[in-house]
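In what follows, a single structure is set out as structure tokens and then discussed.
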Amino acid sequence: MELNVEKESVQRGERLGWGKSFLVPSVQEIVRNDSQSVPERYIQEQKDRPLISENLLASLEIPVIDFSLLAKGDEDEIQKLDLACKEWGFFQIINHGVREEVLNKMKASVAAFFELPLEEKNKYAKAANEIQGYGQNFVVSEDQKLDWSDMIYLITVPPENRNFKFWPLTLPGFKETVEAYSSEVQKVAEEMYGNLSLLMGIDRDGLKKLQGELKQGIRMNYYPVCSRPDLVLGISSHSDGSLFTLLLQDDDITGLQIKHKETWIGVKPIPNSLVVNIGDATEILSNGKYKSIEHRACTNEKKPRMSVATFVFPDDEVEIGPLESMMNGSYLPRLYRNIKYVDYIRQKFRRKMEGKAHTDFVKLESK
Ligand SMILES: O=C(O)CCC(=O)C(=O)O
Ligand SMILES: [Fe+2]
């Protein structure tokens, strides 16, 4: 119902953008002013609180894929990728080709941005009706619990979609570094796109032909220290709306947790690797074979954590739906309806981040 109303207004030619979010205070600033107290709005309901004290099944580790083997067409590695996407929806990639120097510069640039005084960062603040810029997204009501993090989100590919009013251009090297990182990560994304095509039974360039070139947005997350990491979440449980996401994280802090077989598992970083996770769009294209997995980020008392999430997604106007090759009569019936990508994303941004509620929205009733 709601979606139809929105479609009509798009037809009337209104530019709605991807979504809106209430403006909220900087958590970094809250901690700077008072490092001990945790305001009520950040204290999660009991059921959502992280299990900090548990060992989080540390022995269970997500798969590791050697990306250089995929690029060579190594059959065993492609099978490993299939299993990683199917059973886990999350894996770490090594030998991905993004230069170590670029990874380090990217981390340094993100750190330098968040170190800027608040007045300076606020020059790049997002407006309530935009998703790009410095601030927080997915805040859709006044009484919703808030995440213990700040972020800056920038659309990076295609380059003509960059909106430099949100880029801290006065920060030395920031633009060059983000551009270099964006283009090296995009190559990894292209390789992944090709492999996903093969895994879904179409030609290597099949997804590109069907869905067009990959778009890209980079979300830089900053999680300040928290005196009560047992009460808050850095990012609430959610799945990504992307085709897939490539995450760069600090080497020495385990903050990311994924829900695997109903249990939260911590993702221990492998230095210089990237974490890849399947997004909602791939879940829909694959007719549910590869699921977008719920994940969240936890905080700690000792050290702020940063992460860089690169989301790759199709064009707004592309219709996503299960590929023909992923449906097969009564054996593999269609499980999701088709939806224009921009409509999917708009409904996603209209709700708070809430586990898998978003893919359920396009799921068909029948099992
Ligand atoms: O910081 C992390 O580990 C997770 C970030 C994330 O899930 C996101 O930005 O969508
Ligand atoms: Fe995410």
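First listed ligand is number 1; within each ligand, the first listed atom is number 1. Everything numeric here is computed off the predicted structure, so don't read it as measured data.
By the criterion of a heavy-atom distance under 4.0 Å, neither the backbone nor the side chain of Arg296 is placed next to ligand 1. With a 4.0 Å heavy-atom cut-off, ligand 1 is reached by the side chain of Leu247 but not by its N, CA, C or O. Only the side chain of Asp240 comes within contact range of ligand 1, with a heavy atom under 4.0 Å; no backbone atom does.
Near Ser307, with a cut-off below 4.0 Å to any heavy atom, the atoms of ligand 1 are 1 (O), 2 (C). Set against the non-hydrogen atoms of His295, the atoms of ligand 1 under 4.0 Å away are 7 (O). Those atoms of ligand 1 with a heavy atom of Ala309 less than 4.0 angstrom away are 9 (O). Near Ile235, meaning under 4.0 Å from one of its heavy atoms, ligand 1 places the atoms 5 (C), 6 (C), 8 (C), 9 (O). Each of the following atoms of ligand 1 lies closer than 4.0 Å to a heavy atom of Arg219: 9 (O). Of all the atoms in ligand 1, the ones that sit under 4.0 Å from a non-hydrogen atom of Tyr223 are 1 (O), 2 (C), 4 (C), 5 (C). Shown in contact with Phe311 at under 4.0 Å from a heavy atom are these atoms of ligand 1, numbered in order with element: 9 (O), 10 (O).
Comment: Asp230 engages Arg228 in a salt bridge, judged by a side-chain N to carboxylate O separation of less than 4.0 angstrom. Note on Lys187 versus Glu184: no salt bridge recorded, every NZ/NE/NH1/NH2 to OD/OE distance being 4.0 Å or above. Salt-bridge annotation for Glu283 and Lys289: absent, with no side-chain N of the basic residue lying under 4.0 Å from a carboxylate O of the acidic one. Taking the charged nitrogens against the carboxylate oxygens, Glu115 and Lys121 have no contact shorter than 4.0 Å, which rules out a salt bridge.
A tilted orientation is assigned to the rings of Phe174 and Phe113, their planes being inclined by 30° to 60°. Using cut-offs of 30° and 60° on the angle between ring planes, the pair Tyr42 and Trp148 is perpendicular. Between His295 and Phe90, the ring planes are perpendicular. Angles over 60° get that label, and only those under 30° would be called parallel.
No donor-acceptor pair closer than 3.5 Å links the side chain of Ser35 to the backbone N or O of Val31.
Angle subtended at the Fe ion (ligand 2) by His238 NE2 and His295 NE2: 90°, rounded to 10 degrees.
For the Fe ion (ligand 2), the nearest N, O or S atom contributed by Asp240 is named OD1.
Among all protein heavy atoms, the one lying closest to atom 9 (O) of ligand 1 is Asn221 ND2, 3.1 Å.
Among the candidates Tyr222, Phe114, Phe166, the single residue satisfying the side-chain contact (heavy atoms from CB on, under 4.5 Å) test with Tyr134 is Phe114. Under the side-chain contact (heavy atoms from CB on, under 4.5 Å) test applied with Cys226, the options Val232, Ile30, Val27, Leu231 reduce to a single match, Val232.
Taking each of Glu294, Gln257, Arg305, Met306 in turn, the one with a heavy atom nearest to atom 3 (O) of ligand 1 proves to be Arg305. In the candidate list Met151, His238, Met220, Gln249, His238 is nearest to atom 10 (O) of ligand 1, counting heavy atoms.
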